[in-house]
Every structure is written in structure tokens, then in C-alpha cells.
Enquirer: 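This structure is in C-alpha cells; I'll ask about it shortly.
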Amino acid sequence: MLDAGTIAVYSFAVITVISALFVLITRHILHAAFGLLVCLLGIAGLYLLAGAEFLGVTQLLVYAGGILVLIIFGIMLTNRADGKTIKAGNHRVIPGILAGLAIFLLFTQIYSQSSFRDSLRSTDNNIPLMGHPVESLGVEIMTRYLLPFELIAVILLVILVGSLFISKKENDTN
Amino acid sequence: MATNVNLSDLSILLLFLVGGAIFTIGGIVTSRLLRNDKPNKEKNTSYESGEDPVGNAWGQFNLRFYLVALMFLLFEVELIFLFPWATVFGDKQLIAETNGVWGWLVWFEMMIFIFILVLGLAYAWRKGFIAWEKPRQSVYLFKSPVPGKLYEDFNKKMTEKEYGRKK
């Protein structure tokens, strides 16, 4: 039986797969970036339909909004002075397929071995029952996963300072 | 049960998405069906106020755009973490259950998080990555060997002389 939710999931999945294939096939590197945008939007739609609203919105904001702008800036920055556009090709097909398979196996292994705790229905621990998944996420971050949370800040600081330092060195040599 | 609620909420969003796609694609397709299609070389050039366009549309970007986008991205990730925090920060039930400890604890945890990232902002600010390069204005500073008071006295004397003569 096909209800509206199932149709939506399948259409988002089709959009994601087709755009991902387009990224692989196209020769124009900027078109590949736009294909990646559609792919990321499709993944965000799948997250939203799976009930992971926070993850979906994060995907939209950070990946579709931020990372892709960074990728397009990167393409714009690395164009050549002779006016030729950079052609994307397929290199190292067999190692790529092997790496993809390895990641797929890793993810399925993690998925099968981990027990997903539904925080909405968790009554076995002391964390109170919250109305919304985002709220329970907030409580978890502030209590159980506090150290990873503060470590994220340190990692972000390292990324910020490191990337600025590298770009400064490159600026000086020019 | 929760997924049903999510689906009904999201179906409104999905409706907007589908409606937007139909209107955009429909407009393009309709105009393609209705229009004449006789391209020539003149029509296919980019319109640049009647001038012939020169060179490539991919101009070299300033590297500073990339750095600003990078900094934006990092602080956006910080912002993402503020959302779940904000939903539970002022939770009355949690504060009442812990005699107010919850509010202060969560407050200080988030302040530490923000402070660590403010260090990065301070670094970027101090090293001048935020400051955009402005064109430098050169102001010519003339230093006269004659002191300014002599000019003033001279002017005063001359205006008095003029004034007196006309009278």
C-alpha cells in the first residue's frame, strides 16, 4: 500500500540517487557542484521524512547552505588564467568502487550492531520525558554528552585558527 | 505515533515544495512551448548593455570571500548547537526539580562553549581576517615653515585696511 509518506520517501530517494549519479557523470565541474546541491537537499528531505527534524535542518543549513557555497567558491578560486574551464573526469574507478563498498559495509555493520535508543520512550534512565526530540537532544548534550560537546568547540577553534593560518601563509607568498 | 505527527507537519512543507517546483518548471515549459525558437549567433551572446562581452564569466575571486565563508560556516555549526540548548535552557520543570541548579549549570556549559569559539573570533579579528581591505586614501599634509599666527595677523591687518579704505 502506497501512502503519501512512502511516495515522498521514494521520490526523495530517487532525486538523491539521480543527482549523485549526475555528479559522477557530468564533465562540467560547476554542474557537478549544482548536482551535489540537489543531492544534499534530497538527503535533507529523507532526514525530515525519517523524523530526524534537527538533523534535516542541520543538513539544510550546514551542507546545502554552507559547505556548498564553500565548494563553489573553491571552484571559482581555482580556475585557470588561460580561461579554460576545468573538466572533471573519472579517475581510479576500481579503488573508488572498493572504497565505496568498504564504507557501505562499515555503515551496515554499525547499523546492525548499535542499539538505537528512542529518547522519546526512554523511561529506564533518570532523564525526564520530553515533548520534542530536539528537547531531549538538548538535555542529552548538556548532561550525558557534555565532554564531546565541549570538545566540538575545541575542534571548531582548531579548524578556524588552522585554516586562517594556512591561508595567511599562502597570502604572504603571493 | 510521533512519525504521524511529523508527517502531517511536513506534508505542508512538502506541498509548498511541490507547488514551488510546479510553478517554476511550469512557467519555463510553457514559455518554451509558446515562443519562437530561431537562435542565431547574435541572440546567443550574453547581453552586456549592447557591448560584446570579453573573456570568461569565471572571474578570479578574492580569496577573502572564501575565508569569510569558512568563518561563517564554523560559526553556523556553533549556532546549530545553540538550538537544542535553547529549548531546554529555561525549562521550568527541570529547574524546579533541581532547585535551580539546572539553569546555572546549562548556562555555564554554554558560556564555556561560546568562549572557546570567541577565542577563534578574537584571533581572526586580531590578525585582520575580518577587516576588509579598503582603498588607502593619501592625504597630503603640508607643513609650512611659517607659523599659522603670522597668516592670521596678516589677514586681519589686510581686512582692516580694506575696510578702512572703503569707509
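In the text below, chain A, chain B and the rest are named by the order of the sequence lines, each starting its count at 1.
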Enquirer: Tell me, side chain or backbone of B:Leu121 under 4.5 Å from chain A's heavy atoms, or both, or neither?
Expert: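 The backbone, not the side chain.
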Enquirer: For a 4.5 angstrom cut-off between non-hydrogen side-chain atoms, does A:Leu137 reach A:Phe54?
Expert: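 A side-chain contact exists here, since the closest heavy-atom pair is under 4.5 Å.
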Enquirer: Is it the side chain or the backbone of A:Phe12 that comes within 4.5 Å of chain B heavy atoms, both, or neither?
Expert: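 The answer is the side chain of A:Phe12.
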Enquirer: Shortest non-hydrogen contact from B:Met110 to A:Met142?
Expert: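 Looking at all heavy atoms of both residues, the closest pair is CE-CE, 4.0 Å.
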Enquirer: Is any NZ, NE, NH1 or NH2 atom of the basic residue among B:Asp153 and B:Lys157 found under 4.0 Å from an Asp or Glu carboxylate oxygen of the other?
Expert: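 So B:Asp153 does not pair with B:Lys157 through a salt bridge.
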Enquirer: Distance from A:Ile67 atom CD1 to A:Leu61 atom CG, nearest 0.5 Å?
Expert: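 Here the rounded value is 12.0 Å.
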Enquirer: Of the non-hydrogen atoms in A:Leu46 and A:Ala13, which two are nearest, and what is the gap between them?
Expert: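 Minimum heavy-atom contact is CD2-N, 4.0 Å.
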Enquirer: Which residue out of A:Ala8, A:Gly66, A:Ala153 racks up the most heavy-atom pairs below 4.5 Å with chain B?
Expert: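 Highest number of heavy-atom pairs under 4.5 Å: A:Ala153.
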Enquirer: Specify the closest pair of heavy atoms between B:Gly120 and A:Leu157, including all atoms of both residues, with the distance to one decimal.
Expert: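 That would be N-CD1, 3.1 Å.
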Enquirer: Heavy-atom distance under 4.5 Å to chain A: side chain of B:Ile112, backbone, both or neither?
Expert: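 Its backbone and side chain both get close to chain A.
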Enquirer: Can you tell which of B:Leu70, B:Ile80, B:Leu117 has the highest number of heavy-atom pairs within less than 4.5 Å of chain A?
Expert: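 The candidate making the most pairs under 4.5 Å is B:Ile80.
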Enquirer: Top residue by heavy-atom pair count (under 4.5 Å) with chain B, among A:Ile141, A:Leu146, A:Val69, A:Val154?
Expert: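 Among the listed options, the one with the most contacts to chain B is A:Leu146.
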Enquirer: B:Phe75 versus chain A, heavy atoms under 4.5 Å apart: side chain, backbone, both or neither?
Expert: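 The side chain, not the backbone.
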Enquirer: Going by heavy atoms in the side chains, are B:Met158 and B:Asn155 under 4.5 Å from each other?
Expert: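 Not touching, per the 4.5 Å side-chain cut-off.
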Enquirer: When heavy-atom pairs shorter than 4.5 Å are enumerated against chain A, which of B:Glu76, B:Lys127, B:Met71 gives the highest number?
Expert: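 Maximum pair count with chain A is reached by B:Glu76.
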Enquirer: Taking every non-hydrogen pair under 4.5 Å, which of B:Val18, B:Val77, B:Leu119 racks up the most with chain A?
Expert: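 Between B:Val18, B:Val77, B:Leu119, the count favours B:Val77.
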Enquirer: With a 4.5 Å heavy-atom cut-off, do A:Ile18 and A:Phe22 have their side chains touching?
Expert: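 Answer no - side chains too far apart.
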Enquirer: Mind ranking B:Val118, B:Leu74, B:Leu17 by heavy-atom pairs under 4.5 Å with chain A and telling me who comes out on top?
Expert: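 Ranked by contacts with chain A, first place is B:Leu74.
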Enquirer: Under 4.5 Å heavy-atom distance to chain A, tell me which part of B:Phe113 shows up: side chain, backbone, both or neither.
Expert: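 Its backbone and side chain both get close to chain A.
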